[in-house]
Amino acid sequence: MKYIIYCRKSSEGEERQALSLPAQERELKEIAGKRNLEVIKIFTESQSAKAPGRPLFNQMIDLISKGEAEGIICWKVDRLGRNPLDNGTVQWLMEKRLLMHVVTPDREYHAEDNVMIMNLEMGMSHQFLRDLSKNVKRGNRERALKGYPNHLPPLGYINDRLEKTVVKDPERFDMVRKIWDLILTGNHSVPEIHRIINDEWGLRTTSRGGWGEKEVALSTLYKMLTNQFYTGTFIQDGVEYQGKYPPMITFDEYDAVQIILGAKGRRRPQKHDFPFTGMITCGECGCRITAEIKQKFYPKTGNLSKYSYYHCTRRRRHEHCQQKSLRSEELENQIDSILEKITISEEFKDLAIEYLDKINDKEIDDRASSYKRFQKRHSQVQNEIDNLTRMCFKGLIDEDEFIKQKKPLLKEKKELESKMRQTERRADEWFELAENTFNFATHARYWFENGSKEDQRIILQALGSNFVLTDQKLTFCIQKPFQIISERSSDSQWWARLDSNQRPIGYEPTALTTELRAHGLLMCRNILTYAGAFFNLFFDHNVPLLPLALTLRSKPLIGDI
């Protein structure tokens, strides 16, 4: 019987401590000599067996498949394979009696024997590799969560082997920081900086793994200038982690360098809060309006300026949209000009609330009467449906006539149920809704200017619908109550007057004339005419006007500032 000696050593994980290839070959030759085994070929391979594709292993399998050898001498069966495919190949060769004998220093495996032990050992070696991989990944992830990467830190940092942390390199940290300062001036190219640090500064790489200090390569310099590690954060397995080591530069400095380099590096992920995205459509092509931030670095001053723009997404490629972008400040100014027209004074709001108090009881009675009327008709319709059902059951009318008469009754029943639900809601919420509507008109402009981005979005949602941006001009359908206010905005006695600082300056302490009070009550009545429909619109579309108004009421009033 002819044998092949197969020696393998991996350079990964714990297998670094395995017997070296020359030692394996020497031991296996001694075994072959003592047992008088004929060896026709020796393969020595330094490659991991966790995945198929080892070239020398495949050559050995080919020789055995051709019948040129019938046995293998190896250090352990896990030298043959640690993956299911290679393990299965060896087991199949033994099953087909092409591989008759496998010899190791402490065990022999014969094809005619029960090969369960060999299969078990090879399966255990594969499972060991899987467990090892999981443990290593878990350890790497745990180390990353503690703020330290599992790879060697870049130039300027070193590993503290005792504390197992990352610390500043006392010889190179300050010098690497000067590299960032040079590139931030905008007066030096990367090749020029490369010449300076090697020839003038004498900067050298860290001595690692037996390799001596060397000049910094140009490619290494580019990697340094695009490495997020220097900001105090690092990427591992696609996840960003916050480091516990001292950062060398700020995020703004890192972004500025990426702009100078032409964004060759991986940009730091940014989260921007654009309040009006997803609400506005393009008036030319109908696509959504999105927003982005553009940055410009000024080398002379060292400042990084950021500008936000709203523009069409242009997702319909067959459409050649020519719409220009619009600065976010300009868009906010346009919305503010609409809010200015619907802003009412505290005095007018108080008059409206006074009027609400007077008619609230009558409104509740009217709603209750309407509800009883709808409920009575609903009972009548239900009785008619029940009578039709009994007539059909007794054969007094055929099925076609039953369906014909029942269909309009079911439709009317559904409409009555909807009206009853709306009446219930209006009876409970009418006064509060109307009051909040006037509060919104009083304070919305102030909170649009001084509130959060979320406040701005909610205020615009409450103000109107069908927002369209055309030729850098925002248009939309303003809600009816606010439209009434906007149309009467020429009557300045009722609206807040603002100075150049956008602060209320108050009103003249003169008594309201009978004519002005009558005019105000008339407009208040017109607004309230649409209060019910206004409430239904926001209730059905889940636009949070009511929570917004309540929020505004809980905040300081304009007169209290």
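Residues: numbered from 1 along the sequence shown. All values below were derived from every heavy atom in this structure, side-chain atoms included, with hydrogens, water molecules and symmetry-related copies excluded.
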K.L.:
Using the ring pair (Phe, Tyr, Trp, His ring centres under 6.0 Å) rule, pick out the option among Phe173, Phe251, Trp180 that qualifies with Tyr230.
P.N.:
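Exactly one candidate clears the test, Trp180.
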K.L.:
What heavy-atom pair brings Leu218 and His194 nearest, and what distance separates the two atoms?
P.N.:
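Heavy atoms only, the tightest pair is N-NE2, 3.3 Å.
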K.L.:
Let me confirm one number: the CG-OH distance from Asp169 to Tyr157, rounded to the nearest 0.5 Å.
P.N.:
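Reported value, rounded in 0.5 Å steps: 10.5 Å.
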K.L.:
Which heavy atom of Phe274 sits nearest to which heavy atom of Ser308, and what is that distance?
P.N.:
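Where Phe274 meets Ser308 most closely, the heavy atoms are CE2-CB, 3.9 Å.
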K.L.:
Can we call the ring centroids of Tyr241 and Tyr148 under 6.0 Å apart?
P.N.:
no
K.L.:
Taking 4.0 angstrom as the limit, do Glu332 and Arg457 come out as a salt bridge?
P.N.:
no
K.L.:
Which atoms form the tightest heavy-atom contact between Ile179 and Trp201, and what is the distance?
P.N.:
CG1-CZ3, 3.8 Å
K.L.:
In this structure, are over 12 heavy atoms from other groups packed under 6.0 Å from Glu200 atom CD?
P.N.:
yes
K.L.:
To check you understand the geometry: which heavy-atom pair defines the closest contact between Gly232 and Tyr245, and what is its length?
P.N.:
C-OH, 3.5 Å
K.L.:
Rounded to the nearest 0.5 Å, what separates atom CG in Asn466 from atom CE in Met279?
P.N.:
11.0 Å
K.L.:
Verify side chain to side chain contact (heavy atoms under 4.5 Å, CB included) between Ile342 and Ile478, making sure each step is shown before the conclusion.
P.N.:
CA-CA 10 Å; Ile342 65 102; Ile478 191 170; 3.8 Å; yes
K.L.:
What's the spacing between Ile459 CD1 and Glu454 CD if we round to 0.5 Å?
P.N.:
10.5 Å
K.L.:
Would you say Gln322 and His320 make side-chain contact, with heavy atoms under 4.5 Å?
P.N.:
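The answer is yes; the side chains approach within 4.5 Å.
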K.L.:
Establish, yes or no, whether the cationic atom of Lys294 lies under 6.0 Å from the six-membered ring centre of Tyr307 and within 45° of the ring axis.
P.N.:
no
K.L.:
Could you walk me through whether Thr281 and Ile289 pass side chain to side chain contact (heavy atoms under 4.5 Å, CB included), step by step?
P.N.:
CA-CA 5 Å; Thr281 57; Ile289 297 296; 5.6 Å; no
K.L.:
Charged N to carboxylate O under 4.0 angstrom, Asp160 versus Lys164?
P.N.:
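Between Lys164 and Asp160 there is no salt bridge, as every charged N stays at least 4.0 Å from the carboxylate O atoms.
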K.L.:
Rounded to the nearest 0.5 Å, how far apart are CD of Glu215 and OG1 of Thr220?
P.N.:
11.5 Å
K.L.:
Does Lys473 pair with Glu330 as a salt bridge, N-O distance under 4.0 Å?
P.N.:
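Salt bridge between Lys473 and Glu330, a charged N being under 4.0 Å from a carboxylate O: no.
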